[in-house]
Each structure stands twice: as structure tokens, then as C-alpha cells.
Protein chains: 2
Amino acid sequence: MADIARKTGVSPMTVSRAFKSGSLINKETRDAILKAAEELGYVFDSTASNLRSKKTDFIAVTIPSINNANFADTVGGLSSVLSARGFQILLGYTNYDVEEEERLIEHLLRRKPQAIAVTGGKHTRRARKLLENAKIPVIETWDVPAEPIGHFVGFSNAKAVRGMVDHFVAVGYRRIAFIGGDASRDTRGTDRRHGFIAALKDHGLDASRLIDAGAPPISMREGANAMGRLLTELPDTEAVICVSDLSAFGALTECQRRGVRVPDQMAIGGFGDYEIGGISVPALTTVNAHARQIGERTGALILDLLNGEQTIADVTLQPQLIVRESSR
Amino acid sequence: MADIARKTGVSPMTVSRAFKSGSLINKETRDAILKAAEELGYVFDSTASNLRSKKTDFIAVTIPSINNANFADTVGGLSSVLSARGFQILLGYTNYDVEEEERLIEHLLRRKPQAIAVTGGKHTRRARKLLENAKIPVIETWDVPAEPIGHFVGFSNAKAVRGMVDHFVAVGYRRIAFIGGDASRDTRGTDRRHGFIAALKDHGLDASRLIDAGAPPISMREGANAMGRLLTELPDTEAVICVSDLSAFGALTECQRRGVRVPDQMAIGGFGDYEIGGISVPALTTVNAHARQIGERTGALILDLLNGEQTIADVTLQPQLIVRESSR
DNA sequence: ATGAAAGCGCTAACAT
DNA sequence: ATGTTAGCGCTTTCAT
């Protein structure tokens, strides 16, 4: 900035103002400054700006995996709301591991973000403490935490699966299995499995048809393998609910390879309303968890909190059951 | 740090050393300092550190879309190599738009990253200039740029499709169509289409069976719609190559809905070796572009360049044709 | 192994 | 509308 100030014959402070929109500055002065900056190949230094002004334009976000369309949608929603207001998302992946999440949160907080959104409501004790002490808005997403740290934008994974179970039972399925969600690392998957078990029990049905599909993220391939085991070990199963549409699609393909007709011989339900569930043949019954909306609402909530307008309270979304051809 | 220094009776400089691994410091002094820091709820300020030391631990990365498994794999590869060395990825999405890329690059450079990796070799003139002037390693990926700005880690999209065309022709297909890649925004998709046209012409075949599938990213649904048009408008087509596995899978489902047998009545090829291509029934013939490897090699190249060891030159990867059931 | 002084590049606060 | 002064929280550099 000093160079530009010298070149244009103004003070560094004026140069500073020229780069900040909404500052009191003569239009010609600003144009001359911006022109000089471009000629000098000047690049504004956010680091110094952030240090002096004691604020950054970072919003920290942690998600379990980068390679998941649901979380990508959430980040997309967040990003569209926050980028428009000049914020930069600082993204980290926990790989479905709370220890990794703790490390990540610690590092993200060192960058002094203005707010932080984390996926899920389960954290290490130290991570929780770090978030509590951070003195910035903390939003937990994709869950309804028993004891929220700050705010949350989520839904009940257990209730969402219960909704599908209720539907399956209502249309006549009785011997219903569940694939995935038993790895304790993926708490949302585990919640879905717990919801499945509780719902079946409430209907007086056997809730022991549980197929382990491995550690999250559960792939299409693992869904297919799990369906293979289900068909071998519990061949009288009438319907299966999978922890996600990806594993559900894998399960569907395994049925196709074995000549098992879906839904006649085996009904399949997924979770997450991924694109594939809407286009596969047959299309998959699933639950839309409003992934993008979670991001948009989180972004809006963050903006409100930063503006001191505590208008939005916590947000509990209602997942939507989508019945398609893979079940009746 | 001053607070911690006071509390432990040392100078702020010693506190600073306690947080930096590999510094000359008494073990007990360090332990006392770290303990005091934890008690005070101290969080290290990267902003100040970065300003004074004139270096950050940011590596800037731009990708067209967050919601694409191929780019996610590349970021995953980059991340695994660079996080292990303490770097933080600063990620931005261009939405397949070079103007947006320019804005993004400008903002990313303000954070003074140590290196920047961008997807593709086509940029606005100003973006190119910004990268040239940045005085940090610049890596272009997913492409072999005609005039690289700095380094590149990529492959020829045109040649990769040519390889599939050669195979299709060798096994007897003659009336071959292409879906996607006509939106000029997605330069890699356009390169694939150009490669398709050139290859067909070299075989003396008609290269006019081109179906527009809309602006990138091309979804499964758009692939299905495109296949619908292809079957209606050019019903004697024997094989189709799609710009990605996602559109190829959509095309496959459209065949299934219409009772068109794949590959007997219509062979299908995709691109990118997405998980779905390996598990769908039939499985999809595709091209593995080594997405994760692009990220890993880019990360390794960046580390070498930052260490001043110019050992790796540019990297041109060889995409691999994978023939599966959707073609013969 | 530790400390003292100086300053990274901006901008808050105040002045004109 | 513009300028002056001081300082954000660290780390470089030099000293002991």
C-alpha cells in the first residue's frame, strides 16, 4: 500500500480506504489508486487486515467427508448464502472420526473464524470445550443434539427412519432388515439404526435383521455385499432399509445380479435422496433430509447471529419420505 | 501469549518457542507453558504468526464443483499429502466459469497461500496474469495446457476419448454418438468431444451424432434426457460415448426404461471411473483418469517446489480404458 | 536455553 | 475527504 500511496501521491490510509467498499473517498482518487494497484501487480494482504481489524471473513465448517453428495449440498447451500456476503468457507474433513474432528476444530479456530458449523452433535470433551470457549457462533448440523453447544440446524435421524418403517409396515411388510449404521463412528448412521430398531419394536416386529456394512462412509459396493449376505443368511426378508441411497443402490444391483425382483421379492428403502435414487430403475424409496436447506439455514442463522439479530432460533427440519418404485 | 508468559514467568518469546515444534526449549518449561495455555483457554493466532513470518500454511485449490466425485478424489489426494505436512487446503468452487475462477483466484491470493492448484488450463487473461505474478508455485491440473503458467499434472482429455473410440471401432461399432461436452464452459468436456470427432474422422466414420446435454455439470437426469433424444432422433445408433459416467448411467437407465438392451442394441461408454460405473448392471465401460493420483502428484510436486527441490517435472498421466459389460 | 527490540502490512481512532 | 499515529499478536534477529 505504501508503494501505491507514493505513486498516487496520497497517504496509505487513503489507499486502504480505496479497497474497502462503503468508505468515504473521492471517486477519482479511488480510481487512480485502483489503477496504480493493478499496474504494480499489488495484491491485498488479508492477513494483515485481519490482524489489525481483529476480524476475518472466515467461516469454519467441518464435514465428515468431502466425497458425499449430501454434505456437498450442505456446503453448497452454506457457501451460496455466505459467499454472497463476502465470507470465505474454511472447510475441513473429519473422516467420520471425533478425534480427527478435535484436531481439525483446534486448527480451524486458530484462524479466528467468525463462526463455525460442525456436522453432528457428538464431539470429544476437549472439542466441546474449544467450541464453548471460542466466543463465536457455533452451529451443529444434521442432528438434534441432546445438549447443543450453541445453535443447531438439523433433524432427528431416528425419527426419519421411523417414518419409513411406519410406511413399510402400513403397506404390509413385516420381515424388515436394516443395512449399515453399526459402526459407532458414524453417529447419524447409528441413530438411524436405533430409530429402525425402536420403530420395529413399537410395531411388535422382530428387529434383529441387522446387517453390518463396515465403517463409514458405506459405499455402493458395501451395500451390494451386505445385500448378498442378507439374501444368503435371511432369505425370507421382505424389505430392507439402507443407511443411505448409495448403499441402497448397491443393494439393488445385487438383487439384479441375483435375479431377485425389486420390489416384488425384496423392497428397498434408502436415505438422503441422492440423485441416483430418483433415476435408477426401479427408482428408490428414500428420505429427503433437506441437505442443501441445512446449509442455507445455517448460513442465514450465522448471518443473523453476526449481525446481533437473534431472530432465528434453532432449526429442526422435517425429513420427507419419498415413496418410489423400490417399495410398495 | 503475554498472559501465558506472565503466568509462567518467562518471556513471550519463550512461549512462542513452546508452540513451535523443533525449537530449542527446555522440556519442563514447554510443559508448563502448554499447561498454562490450556488453563487459560488460549488459542494460537495464526493470523499474527502468518503476518510476521511472511508465510502461511495455506495451499489454495480451485475446482469446478464441490459435488463431483472425481474432483473430490483429487482434493482428497492433495489433502492427504499436504495435511500430513501441516498445510491447510483453501478450497474454492468456480462453478465451471472462468470469470468466477478469476474472482476466486484473486481472493485466494489475498490470503497469501504458499502454492495454488487450479483445475484446467483455460483462464481469463487477468486470472493468468494474477497467477504469473503471484511468485508461488502454480499447478494446473486435469489438463495438458498448451502454454502452462507454471507446472501441470494432467492428461489429454481428447486422447483419452480417442482411446475409447479406437476400442469401439475395433470391436465393430460404426454408428457412434457422443453425449455432452458442447457447453464451452466445461473445457475438459469440450476437449473430450473434440477428441471424439477427430478420432471418428480418422477412422473415416460419421462424426455428426452429437447430443447436447446442457451446461455442466451434466447430471444423470440430463444424460437420460439426452439418450431419449438420441433414441428418437438417431435410432440406428449402435454405441454412445458420454462425457462422464454420471450421464452414462443416466443414459443406461433411459435404455432400461425403454426396453433397449445394453450393450446388444446400444453400447455405452462413460468417463471418469466413478463408483457407479463399476457396480451398475450392466457395469459401464469407462476411462479411469486417475483423479486421486492427480491430487497426490500435485501435492508431492508442491512439496518439492516449496523445498526448492525441482525433482519432479510436469506430470502427464495416461488415462486407462476400462472395458466392462456396457460395451463389447 | 532464554530474552529484548523491532516490525510484518494493514486499519482503528482521532484529527483536520 | 484525507492524513497521522499507534498497534493488532506474533516471530525475526541479535544478544546473552
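Order of the sequence lines sets the chain letters (A, B, ...), proteins ahead of strands, with each chain counted from 1.
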Nearest-Å distance for atom pair CG/C1', residues A/Leu24 and C/dA15: 15 Å
Lys/Arg-Asp/Glu bridge criterion (N-O < 4.0 Å) met for A/Glu296, A/Arg292: yes
Under the side-chain contact (heavy atoms from CB on, under 4.5 Å) test, residues paired with A/Thr141 that sit two or more places apart: A/Thr119, A/Ile139, A/Ile294, A/Thr298
Between A/Glu101 and A/His123: side-chain donor-acceptor atoms closer than 3.5 Å: yes
Separation of D/dC10 C1' from B/Arg17 CZ (nearest whole Å): 13 Å
Residues from residues 45-60 of chain A lying under 4.0 Å of DNA chain D - heavy atoms: A/Leu51, A/Arg52, A/Lys54
Ring centres under 6.0 angstrom apart (A/Trp142, A/Phe152): no
A/Tyr42 vs C/dC10: side-chain N/O to OP1/OP2 distance below 4.0 Å: yes
Interatomic distance, B/Arg111 CZ vs C/dG9 P [rounded to whole Å]: 17 Å
Validation row, ring centre B/Phe19 to ring centre B/Tyr42 under 6.0 Å: yes
Test side-chain hydrogen bond (donor to acceptor under 3.5 Å, both in side chains) applied to B/Thr124 - qualifying residues, sequence neighbours left out: B/Glu102
Neighbours of DNA chain D within residues 3-15 of chain B, by heavy-atom distance under 4.0 Å: B/Met13
Sugar-phosphate only, base, or nothing, as touched by B/Phe19 at under 4.0 Å among non-hydrogen atoms: nothing
Any B/Ser16 side-chain nitrogen or oxygen under 4.0 Å from OP1 or OP2 of D/dT11: yes
side-chain hydrogen bond (donor to acceptor under 3.5 Å, both in side chains) partners for B/Asp3, two or more places apart: B/Arg6
Whole-Å gap separating C1' (C/dT11) and NZ (A/Lys20): 8 Å
All pairs passing salt bridge (charged side-chain N to carboxylate O under 4.0 Å, His left out) where residues 22-31 of chain B contributes a residue, at least two apart: B/Lys27-B/Asp31
Sugar-phosphate, base or nothing in reach of A/Ile25, heavy atoms under 4.0 Å: sugar-phosphate
Test side chain to side chain contact (heavy atoms under 4.5 Å, CB included) applied to B/Ile149 and B/Val118, B/Ile116, B/Val138, the passing residue: B/Val138
